[in-house]
Structures are given as structure tokens and as C-alpha cells.
Peer 1: 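Starting off with a structure, shown below.
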Protein chains: 2
Amino acid sequence: MIPTDLIKGSLKTIVLKLLQENGRMYGYEITRRVEELTAGRIKLTYGALYPVLHKLENEGVLVTESENFNNRIRIYYSLTDKGHSVIAEKIEEMKMFIESLQNIINPQPGITYA
Amino acid sequence: MIPTDLIKGSLKTIVLKLLQENGRMYGYEITRRVEELTAGRIKLTYGALYPVLHKLENEGVLVTESENFNNRIRIYYSLTDKGHSVIAEKIEEMKMFIESLQNIINPQPGITYA
DNA sequence: TGCAATATATAACTATCTTATACATATAAC
DNA sequence: GTTATATGTATAAGATAGTTATATATTGCA
């Protein structure tokens, strides 16, 4: 398991990226998918996820549609136009972050950035 | 520039990794080296760095030696035995973290973990 | 003489997540 | 039948870890 400290700052980017890939998803589904994609190494907690989803909705990054499935409510989230540009930016930041971390943990002489 | 939120949780690992690579370093030098290795994309703040160094020293992960250079005090930090095993562990976590992030931001069908 | 770089330090504040808790249904196992 | 597990959303209290601002002091360059 990856310690939560490491994951903290990436939560928003992870959520938005999944919505970009999948069109729309509900909260529970997002946690499932993250576990799947990371072989169980990243488990989002609901106490973190739902407040973030609500916040992103309030910021106009996400919109919701409520649906009923088997007598259970599902609240689907999807990206707004603003959301699409936000995630595009966050992905760039994430790539730079990963590249930077790799330069630190696996230093190679002569490595250069574009 | 990479937003600080993303970097937050990685601070300890970054610091310890540099000490593992370089034997011993002082605080100011660490921030310089991180900027160098990341093309200025990661800038550690002293308000974060020094408290972390002190904490790691208190935990027995680091030891210090004070030296005088040009009438300026330099406090060199280096890993203890405990520090060496701590960073080894943290590097493994960091690698899993990076791998996980890559699976999320760059999803490929059929990707599997070892 | 003034500014940038070098060098360490801490306190107040803020953001963000964890942990615990709450509520509610469906389904499989026993 | 009833118990456990999975599904599904939600929030409040507390902890953690960082940012921002500030302090102190020397060197070297313009």
C-alpha cells in the first residue's frame, strides 16, 4: 500500500482524469476504478472523495445527474467545459511532477528537460 | 512550476534520497540540488525543509555535524543506519506511487503489475 | 551603499486529508 | 431468518503537514 501522504495532493487530478476518460462516473465507482488501475495500491477514502467532488461541483468543474439504480441513488459526475481545461492543465503538471520525481530517485548524468 | 500540493507528501523522500546519493548535505544545498535536478520545477521552502530535517534528526533518521564556512554556519545532515533503511522503504513506495499514477494518467489496456 | 546570494530558524495560519460515524438497500451465505 | 458483505452517499472532529511571513547574519558584487 502506498502511504496516504504521498497520494494526498494527487486526489483531484486522479478524479478528474478518470472522468475525462470515462465520460461520467459516480463516487463509489471512482474508488473502485482507482483500486483496479493501481492493483489495490491506492484506495480513496469517502471522507476525502465526496468533499472533493462537492467542491469541484461548486467551482463549476463538474456537473451532476442523479439516477436510481436498484433503489440506490447514484450521483453521476461529469466534466464541464471548464473541467476539461482544468484536467488538461493538471495532467501537464502531473507529468512534470512524475518526471521530476524520477530525476530525483533515479538520477542519471546528462538528463535534460525539453 | 509544479503546484506545492502535489509535492507536499514527497518532501521527506526527496530529502532522504538526496542524502543517500550524496553522503551528506546541508539544508540550503538540498534546496539548490532539488531545483537543479528538476529544472526549477520543484523549489523547497525553508519553512518546510528545516522543520522536516529537525524532525528526522529527532527520530534518529539523520545525524548532524556543524561546520563553519566563510563565517556562515553549515549544518550537514547524513543518514543513520535507520535512515538508510527508511529511505530504501520510501523509494519502494515512491516507485509504486509513480507506477500507479502513470496507470491512471496514461491508461493502457492489459497493463499488469509484477 | 544597496542588492542578491548564502545560511538557518520558527510561529501563525491554512488546507487537506483521516477517522469515525450515520443512514439505507441488495445479495449471498449460513 | 439472520448475519455479513457489498453497494451508495454524507459530514463533523481532529490530525498533519505544509505556506507565508518574519528574524538574524555574512559575503560579494555593482
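Predicted model only: the values in this text are computed from it and were never measured. By convention in this document, chain letters (A, B, ...) are assigned in the order of the sequence lines, proteins followed by strands, and residues within each chain are numbered from 1.
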Peer 1: Taking only Lys NZ, Arg NE, NH1 and NH2, and the carboxylate oxygens of Asp or Glu, determine whether B/Arg24 and B/Glu67 approach each other closer than 4.0 Å.
Peer 2: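 The answer is yes: the pair qualifies as a salt bridge.
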
Peer 1: Identify whether the distance between the nearest side-chain nitrogen and carboxylate oxygen of B/Glu35 and B/Lys43 falls below 4.0 Å.
Peer 2: yes

Peer 1: What distance separates B/Ile91 CD1 from B/Phe97 CZ, expressed to the nearest 0.5 Å?
Peer 2: 13.0 Å

Peer 1: When all nucleic acid strands are considered with a 4.0 Å heavy-atom cut-off, which category describes A/Leu11: base, sugar-phosphate, or nothing?
Peer 2: sugar-phosphate

Peer 1: Which residues, if any, of residues 44-52 of chain A bring a heavy atom under 4.0 Å of DNA chain D?
Peer 2: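 Those residues are A/Tyr46, A/Gly47, A/Tyr50, A/Pro51.
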
Peer 1: To the nearest 0.5 Å, how far apart are CG in A/Leu56 and OG1 in A/Thr64?
Peer 2: 12.0 Å

Peer 1: Can you give the donor-acceptor pairs under 3.5 Å from side chains of residues 13-22 of chain A to other protein atoms, not counting sequence neighbours?
Peer 2:
residue: A/Lys17; atom: NZ; partner: A/Gln20; partner atom: OE1; Å: 2.7
residue: A/Lys17; atom: NZ; partner: A/Glu21; partner atom: OE2; Å: 3.1
residue: A/Asn22; atom: ND2; partner: A/Leu18; partner atom: O; Å: 2.8

Peer 1: Mind listing the residues from residues 60-80 of chain A sitting with a heavy atom below 4.0 Å of DNA chain C? Number order is fine.
Peer 2: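 Residues of residues 60-80 of chain A under 4.0 Å from DNA chain C: A/Asn70, A/Asn71, A/Arg72.
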
Peer 1: Tell me whether B/Glu89 at atom CD has more than 12 heavy atoms from other residues, nucleotides or ligands lying less than 6.0 Å away.
Peer 2: no

Peer 1: How many angstroms lie between atom CE of B/Met94 and atom CG of A/Leu6, to the nearest 0.5 angstrom?
Peer 2: 5.0 Å

Peer 1: Roughly how far apart are B/Lys8 NZ and B/Thr4 OG1, rounded to 0.5 Å?
Peer 2: 6.0 Å

Peer 1: Are B/Glu57 and B/Val61 side-chain neighbours, meaning at least one heavy-atom pair lies under 4.5 Å?
Peer 2: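 Heavy-atom side-chain distance check fails, nothing below 4.5 Å.
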
Peer 1: Keeping B/Asn103 on the side-chain end and A/Leu37 on the backbone end, is there a donor-acceptor pair under 3.5 Å?
Peer 2: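 It does hold such a pair.
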
Peer 1: Indicate the ring-plane relationship of A/Tyr28 and A/Tyr46, choosing parallel, tilted or perpendicular according to the 30° and 60° boundaries.
Peer 2: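 The arrangement is parallel - the two ring planes meet at less than 30°.
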
Peer 1: Can you give me the N/O atom pairs linking the protein to nucleotides 13-16 of chain D at distances under 3.5 Å, or say none if there are none?
Peer 2:
none

Peer 1: Reading DNA chain C in the 5' to 3' direction, which nucleotide is the first one with an atom under 4.0 Å from a heavy atom of chain B, and which is the last?
Peer 2: C/dA5 to C/dT16

Peer 1: Please give me every residue in residues 13-27 of chain B whose heavy atoms get under 4.0 Å of an atom in DNA chain D, ordered by residue number.
Peer 2: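 Residues of residues 13-27 of chain B that come under 4.0 Å of DNA chain D do not exist, since none gets that close.
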
Peer 1: Salt bridge or not for A/Glu29 and A/Arg32, using N-O below 4.0 Å?
Peer 2: no

Peer 1: With a cut-off of 6.0 Å (strictly less than), are more than 12 heavy atoms of other residues, nucleotides or ligands near CG of B/Asp81?
Peer 2: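 Counting other residues, nucleotides and ligands, CG of B/Asp81 stays at 12 neighbours or fewer.
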
Peer 1: Whole angstrom is fine here: how far is it from CZ in A/Arg32 over to C1' in D/dG8?
Peer 2: 11 Å

Peer 1: Are the side chains of B/His54 and B/Tyr77 in contact, using a 4.5 Å heavy-atom criterion?
Peer 2: yes

Peer 1: Just verifying a value: how many Å separate B/Ile104 CD1 and A/Ser10 OG, rounded to the nearest 0.5 Å?
Peer 2: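 Those atoms lie 8.5 Å apart.
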
Peer 1: Could you check which nucleotide pairs with C/dC30 in any of the strands shown, counting Watson-Crick or G-U wobble with both distances under 3.5 Å?
Peer 2: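 By the stated definition (distances under 3.5 Å), D/dG1 pairs with C/dC30.
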
